Amino acid sequence: MIGRSSFFAKSVARNISTNGFRRLASTKSLKETLQEVIPAKQEQLKKLKAEHSQAVVGEVKVENILGGMRGLKAMLWEASVLDPNEGIRFHGLTIPDCQKVLPPAPGGKEMTAESMLWLLLTGKVPTPEQSRQLSTELAVKGELPHFVTQLIDSLPKTLHPMTQLGMGVAALNHDSEFQAAYERGIKKPEYWTYTLEDCLNLIAKLPALAARIYRNVYHPERSLESVDKNLDLVGNYSNMLGFGQNEHLTEYLRLYIALHGDHEGGNASAHTAHLVGSTLSDPYISYSAALFALAGPLHGLANQEVLRWQMAMQKEIGDNITHENIKDYLWKTLKSGQVIPGYGHGVLRNPDPRFIALQEFCKTRPELQASPIIQLVQQTAEIAPDVLKEHGKTKNPYPNVDATSGCVLYHYGLTEFKYYTVIFGVSRALGALTQLVWARALGLPLERPKSYSMDALQKLIKN
């Protein structure tokens, strides 16, 4: 009886259901789990095509064509959906849901990149054992090939870290399993398996690549740690950056990378990966293109712009931080013709749940609550929405994730602004590469929208 009771207790503990998602005790690998879920998705797509291919889901206005295609319902993206009011959901799970059910690293509290990757790829919550198994698999694949280290070490320190990251990722295509298999001749139903291998290999190597760039550009006197097979992906990344003893920063990086892992498919970097991938370019080529999109000032550079702006405010108003002083600085920024960095979003119309999650992290850390720059971020977030509403030129006056993300990195000692987008690049691989696997599994076609000149558009309107 004792043995049966013990077994029953363990079974109950391993079958906890949270918000309808059941965490099952399983030793199935990521690939095995995908093999189980792909047929149902393929059938769902087949049914959509057969029964609803002519259904109308929206309209195209001239403002959509002239305004960067904002709001157009024009992409299939499996891992996440961004709602303007409630924010991002990953296979139906909100960020608080994910924080409750996704396994943390051993000894940690924040969900790991591996558990988020598992969810994005499969739609299922992994067990701690599965998450740890994936950590080990990625660590085994994590070392860079010699020709890539030679390439990165040969680059000038003055070359932007994002340019170096994109070059390094592109160079890894030398070992692409998908490219080699495609050249041999494989059947379309097999495309996803080789794409998956490339994606996992790339995700595994990103920490070593990104850390090497950081060392070369900012701390050439340091030696680089090897990949530790006992650490999770972000634990290794933090260790190779030289912050392995800073558990606060490591935990923050785990949260940061999980939260930035995916934000549906319409953003510039995710869309670029999907577009290039639709040509059957391998994941390395596809994601290197995405990284160069991420490097643009209107996309991935936002958190460093926020930090610069907050520090300039801090310098101007000094120790006399009052609501009135912050309000005056906000108006000064707006009247100079600038925007308030870290506020507004292309889709969201409410406070960004990612910002809220990072703020909750800050509230649990006394050292962050005592930080002048974090205090300034928190007070600015209380005042800026009303100022922006009064200003009347933004659809969303609320803070987005960039309003706080870089400031926390700075507090914990990662102070090199130009590097922040590289961390974003390590993060966004989780979602962008997930979609490449699903695009091949579902047999999605080459992306080819129709374009018009202004004359042709005017003619179309008249007709």
Side-chain angles (χ1 to χ4, degrees), residues 30 104-106 108 110-118 120 131-146 148-149 151-153 161-162 164-172 175 197-219 222-247 249-262 283-284 287-288 290-291 294 300 409 412-414 416 419-434:
L30 181 61
E110 302 298 337
M111 54 185 163
T112 62
E114 290 89 337
S115 59
M116 176 57 79
L117 175 61
W118 191 292
L120 294 176
S131 181
R132 188 74 201 111
Q133 178 186 355
L134 182 56
S135 292
T136 302
E137 180 182 350
L138 295 177
V140 169
K141 300 172 182 282
E143 296 290 354
L144 294 174
H146 182 60
V148 173
T149 64
L151 169 66
I152 297 302
D153 292 349
M162 279 299 288
Q164 297 191 41
L165 184 65
M167 291 173 67
V169 168
L172 285 167
D175 297 331
E197 289 307 310
D198 277 356
C199 289
L200 292 179
N201 282 329
L202 175 52
I203 289 169
K205 289 174 172 56
L206 278 172
L209 176 59
R212 194 170 199 92
I213 293 166
Y214 179 76
R215 192 282 305 269
N216 288 357
V217 174
Y218 302 109
H219 301 285
R222 291 183 185 173
S223 60
L224 269 171
E225 295 288 338
S226 299
V227 177
D228 187 336
K229 305 301 187 294
N230 296 310
L231 293 177
D232 64 300
L233 191 81
V234 178
N236 264 309
Y237 186 26
S238 180
N239 197 41
M240 289 185 285
L241 285 172
F243 294 94
Q245 300 305 311
N246 189 338
E247 188 54 39
L249 176 60
T250 302
E251 277 285 87
Y252 177 70
L253 283 172
R254 287 187 180 113
L255 178 60
Y256 177 104
I257 286 174
L259 293 182
H260 284 76
D262 198 36
Y284 302 104
Y287 196 60
S288 67
L291 288 168
L294 189 65
L409 293 172
Y412 281 135
L414 215 165
E416 296 84 3
Y419 187 76
Y420 290 177
T421 317
V422 172
I423 303 173
F424 196 169
V426 173
S427 311
R428 186 49 55 88
L430 302 180
L433 296 177
T434 285

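Model, not experiment: these values are computed from the prediction. Heads up: numbering here begins at 1 and tracks the sequence.
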- request: Start with the C-alpha gap between Leu120 and Met116, add the side-chain angles, then the distance that decides, and say whether side chain to side chain contact (heavy atoms under 4.5 Å, CB included) holds.
  value: CA-CA 6 Å; Leu120 294 176; Met116 176 57 79; 3.9 Å; yes
message: For Met111 and Arg254: C-alpha separation, side-chain torsions, deciding distance, then whether side chain to side chain contact (heavy atoms under 4.5 Å, CB included) applies.
response: CA-CA 7 Å; Met111 54 185 163; Arg254 287 187 180 113; over 6 Å; no
field: Test side chain to side chain contact (heavy atoms under 4.5 Å, CB included) applied to Arg222 and Tyr214, step by step
entry: CA-CA 10 Å; Arg222 291 183 185 173; Tyr214 179 76; 3.9 Å; yes
message: Go through it in stages, so that I can follow the logic: the residues are Leu144 and Leu209, the test is side chain to side chain contact (heavy atoms under 4.5 Å, CB included), and I'd like the CA-CA distance, side-chain angles, deciding distance and then a yes or no.
response: CA-CA 7 Å; Leu144 294 174; Leu209 176 59; 4.0 Å; yes
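Between Asn239 atom CG and Ser226 atom OG the span is 9.5 Å, to the nearest 0.5 Å. Atoms CG and CD, from Asn236 and Glu225 in turn, are 9.5 Å apart once rounded to the nearest 0.5 Å. Taking CG from Asn246 and CD from Glu251, the interatomic distance works out to 11.0 Å, rounded to the nearest 0.5 Å. Distance check: Leu409 CG to Phe243 CZ gives 9.0 Å after rounding to the nearest 0.5 Å. Expressed to the nearest 0.5 Å, how far CD of Gln245 lies from CD of Glu247 amounts to 9.5 Å. The distance from the CG atom of Leu200 to the CG atom of Leu117 is 6.5 Å, given to the nearest 0.5 Å.
Judged by distance alone, with hydrogens and angles left aside, the side-chain atoms of Thr421 form a donor-acceptor pair with the main-chain N or O of Gly300 at under 3.5 Å. Side-chain atoms of Lys141 never come within 3.5 Å of backbone atoms of Lys205 as a donor-acceptor pair (strictly under, hydrogens ignored). Between the side chain of Tyr287 and the backbone N or O of Ala429 there is at least one donor-acceptor pair closer than 3.5 Å. Between the side chain of Asn201 and the backbone N or O of Glu197 there is at least one donor-acceptor pair closer than 3.5 Å. A side-chain donor-acceptor contact under 3.5 Å links Thr149 to the backbone of His146. Looking at Tyr420, its side chain does come within 3.5 Å of a backbone N or O of Leu414 through a donor-acceptor pair. When atom types are taken as modelled, the side chain of Glu110 and the backbone of Pro104 share no donor-acceptor pair closer than 3.5 angstrom.
Counting heavy atoms from C-beta on, the side chains of Ile257 and Leu233 never come closer than 4.5 Å. Thr136 places none of its side-chain heavy atoms less than 4.5 Å from the side chain of Lys229. Residues Leu172 and Asp198 form no side-chain contact, since every pair of their non-hydrogen atoms from C-beta on lies 4.5 Å or further apart. For the pair Gln164/Val217, a side-chain contact is recorded, criterion being any heavy-atom separation below 4.5 Å from C-beta on. For the pair Asp262/Leu430, no side-chain contact is recorded, criterion being any heavy-atom separation below 4.5 Å from C-beta on. No side-chain heavy atom of Val148 sits under 4.5 Å from any side-chain heavy atom of Met167. Residues Leu202 and Cys199 are not in side-chain contact: their nearest non-hydrogen atoms beyond the backbone lie 4.5 Å or more apart. A 4.5 Å side-chain heavy-atom check between Leu165 and Leu206 finds at least one atom pair inside the cut-off.
Scanning all heavy atoms of the two residues, the minimum distance from Ala210 to Val426 falls at CB-CG2, 3.8 Å. Heavy atoms only, all atoms of each residue included: Thr250 and Gly235 are closest at CG2-CA, 4.1 Å. The shortest heavy-atom contact between Leu291 and Gly425 is CD2-CA, 3.7 Å. Heavy atoms only, all atoms of each residue included: Arg212 and Leu224 are closest at NH1-CD1, 3.4 Å. Nearest heavy-atom pair, Val169 versus Ser288, reported as atom, atom and distance to 0.1 Å: CG1-N, 3.8 Å. When all heavy atoms of Val227 and Glu143 are compared, the closest pair comes out as N-OE2, 3.0 Å.
With respect to Glu114, the side-chain contact (heavy atoms from CB on, under 4.5 Å) criterion is satisfied by exactly one of Val234, Ile203, Asp232: Asp232.
In this model, no donor atom of one side chain and acceptor atom of the other lie less than 3.5 Å apart for Ser131 and Ser115.
Not counting sequence neighbours, the partners of Tyr256 by the ring pair (Phe, Tyr, Trp, His ring centres under 6.0 Å) test are His260.
Tyr419 and Tyr237 have tilted rings, their planes meeting at an angle from 30° to 60° on a 0 to 90° scale.
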